[in-house]
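Scroll down for the structure; my scribbles are underneath it.
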Amino acid sequence: MKLADIAGRFRIDKPDKFRLSDHDSKETCGLDIGKSNAKDMLADGLKRLEAVQEKLYAQDQWSVLIVLQAMDAAGKDGVIKHVMTAINPQGCEVHPFKQPSDEELSHNFLWRAGRRLPGRGRVGIFNRSYYEDVLVVRVHPEYLASAQIPENLLGANIWKQRFESIRNFERNLARNGTCVLKFFLNISRDEQRKRLLDRLNDPTKHWKFSAGDLAERKLWPKYMEAYEDAIRSTSTDDAPWYVVPGDHKWFSRLVVAAAVVDALERLKLEYPDAGDAARERINEARKALEAEK
Ligand code: AMP
Ligand code: MG
């Protein structure tokens with residue numbers, strides 16, 4: 001199995017047929033992290049990622065936006081740490097999206113994301129994103145009230161309208177040279193229970209626990225409905241979703257690395273050609289330095 005096959009396997013190419021229940025959170029494509037097949041693939045993925053990011057940065061034309069969404073304890077932080085090991089920190093930025101501030105709430109829901117987009121040559125990682133505004137806000141309609149949107153604009157179509165706004169936002173990014181890749185780390189409810197318990201049993205992980213986590217966990221089915229609808233409605237060629245099996249951390253890291261490598265290698269990035277005039281100057285500079293000896 002190749003990295004590109006893994007990427008393709010979990011990309012949602014037929015959104016109207018998408019059902020979350022068809023996706024197994026325990027899938028590993030027959031790979032085993034205890035065996036070299038998976039370890040070699042992971043190492044290969046990171047090596048290729050490093051090479052392609054270097055070109056991205058040097059060429060300074062495309063940018064990459066990686067959106068990570070998931071329930072608590074699904075492994076977003078781990079994926080970021082892992083993928084980052086292959087990325088030069090100079091060319092990358094990570095932005096977490098928490099509960100919006102008053103200032104953020106006084107603007108439209110895409111505003112705060114728009115200010116944090118990666119510039120050309122750079123990789124931006126959103127740890128949560130504007131998708132929270134069709135996920136947590138959909139599950140908690142009271143959050144919508146705090147956004148002070150004029151009442152006559154809060155019709156039953158609000159989610160459809162937001163999906164449309166998101167598609168347009170992402171299309172605009174794509175048309176201007178941003179490669180948008182979106183990942184839903186799909187863990188089972190049972191796996192989340194185990195991981196939250198692990199957090200409670202490990203004092204060094206207590207800082208990750210928030211009292212709200214259990215309340216959100218109770219709303220699991222509502223979240224899954226919201227995720228399903230969001231993924232169905234916003235999987236596009238411009239900005240595909242990947243539904244990543246999340247129960248095995250090593251496998252979710254492999255899938256994300258595979259998808260990013262695959263997408264970036266398809267851009268056929270090249271180091272910029274210095275041009276004849278610059279080459280001449282480079283030759284002269286080399287001769288001058290060599291003559292110093
Ligand atoms: P964490 O990522 O676990 O640090 O938690 C961040 C929290 O902020 C999560 O519970 C998110 O659901 C919440 N959050 C992020 N964006 C929004 C939003 N637009 N409206 C309300 N809550 C949000
Ligand atoms: Mg949390």
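One-based numbering, in listed order, for ligands and for the atoms of each.
- Heavy atoms of K208 found under 4.0 angstrom from ligand 1: none, in either backbone or side chain.
- Contacts between N127 and ligand 1 below 4.0 angstrom, taking non-hydrogen atoms only, are absent altogether.
- Residue-level proximity to ligand 1 for F97 is carried by the backbone, the only part with a heavy atom below 4.0 angstrom.
- Aromatic ring orientation, H248 versus W250: tilted (interplanar angle from 30° to 60°).
- You'll find the ring centres of F97 and F126 inside the 6.0 Å limit.
- Residues K17 and R232 fail the side-chain proximity criterion, which asks for heavy atoms closer than 4.5 Å.
- Atom 12 (O) of ligand 1 has as its closest protein heavy atom E132 OE1, 2.9 Å.
- Nearest to atom 4 (O) of ligand 1 among the protein's heavy atoms is K98 NZ, 2.5 Å.
- When non-hydrogen atoms are compared, ligand 1 lies under 4.0 Å from the side chain of V137 (C-beta onward) but not from its backbone.
- Salt bridge present: E104 and R116 bring a charged side-chain N and a carboxylate O closer than 4.0 Å.
- Cation-pi geometry between R112 and Y130 is not met at under 6.0 angstrom from the ring centre and within 45 degrees of the axis.
- With salt bridges taken as basic N to acidic carboxylate O contacts below 4.0 Å, one links R11 and D262.
- The shortest N or O to N or O distance between R112 and ligand 1 is under 3.5 Å.
- Because the distance cut-off is set at 2.8 Å, D213 fails to qualify as a neighbour of the Mg ion (ligand 2), as none of its N, O or S atoms comes that close.
- Counting only heavy atoms, the protein never gets under 4.0 Å from atom 10 (O) of ligand 1.
- Residue pairs meeting the side-chain hydrogen bond (donor to acceptor under 3.5 Å, both in side chains) criterion with at least one partner in residues 37-47, sequence neighbours excluded, are D44-R48.
- Considering backbone and side-chain atoms together, K76 places no N or O closer than 3.5 Å to any N or O of ligand 1.
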Review point. Do Y242 and F10 pass the ring-ring contact (aromatic ring centres under 6.0 Å, His included) test, and can you show the C-alpha distance, the side-chain angles, and the key distance before you say yes or no?
Key: CA-CA 5 Å; Y242 295 81; F10 300 104; 8.9 Å; no
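- Of the protein's non-hydrogen atoms, P100 CD, 3.4 Å is the one closest to atom 20 (N) of ligand 1.
- Looking at R128 against ligand 1, only its side chain comes within 4.0 Å, counting heavy atoms.
- With respect to R167 and D238, no salt bridge is recorded, no charged nitrogen being found less than 4.0 Å from a carboxylate O.
- Protein heavy atom in closest approach to atom 8 (O) of ligand 1: Q99 N, 3.3 Å.
- Inclusion of S129 in the set of residues having an N or O under 3.5 Å from an N or O of ligand 1 is not warranted.
- Electrostatic pairing of D229 and R19 does not count as a salt bridge here, judged by no charged N lying under 4.0 Å from a carboxylate O.
- Scanning all protein heavy atoms for the shortest distance to atom 22 (N) of ligand 1 gives V136 CG1, 3.6 Å.
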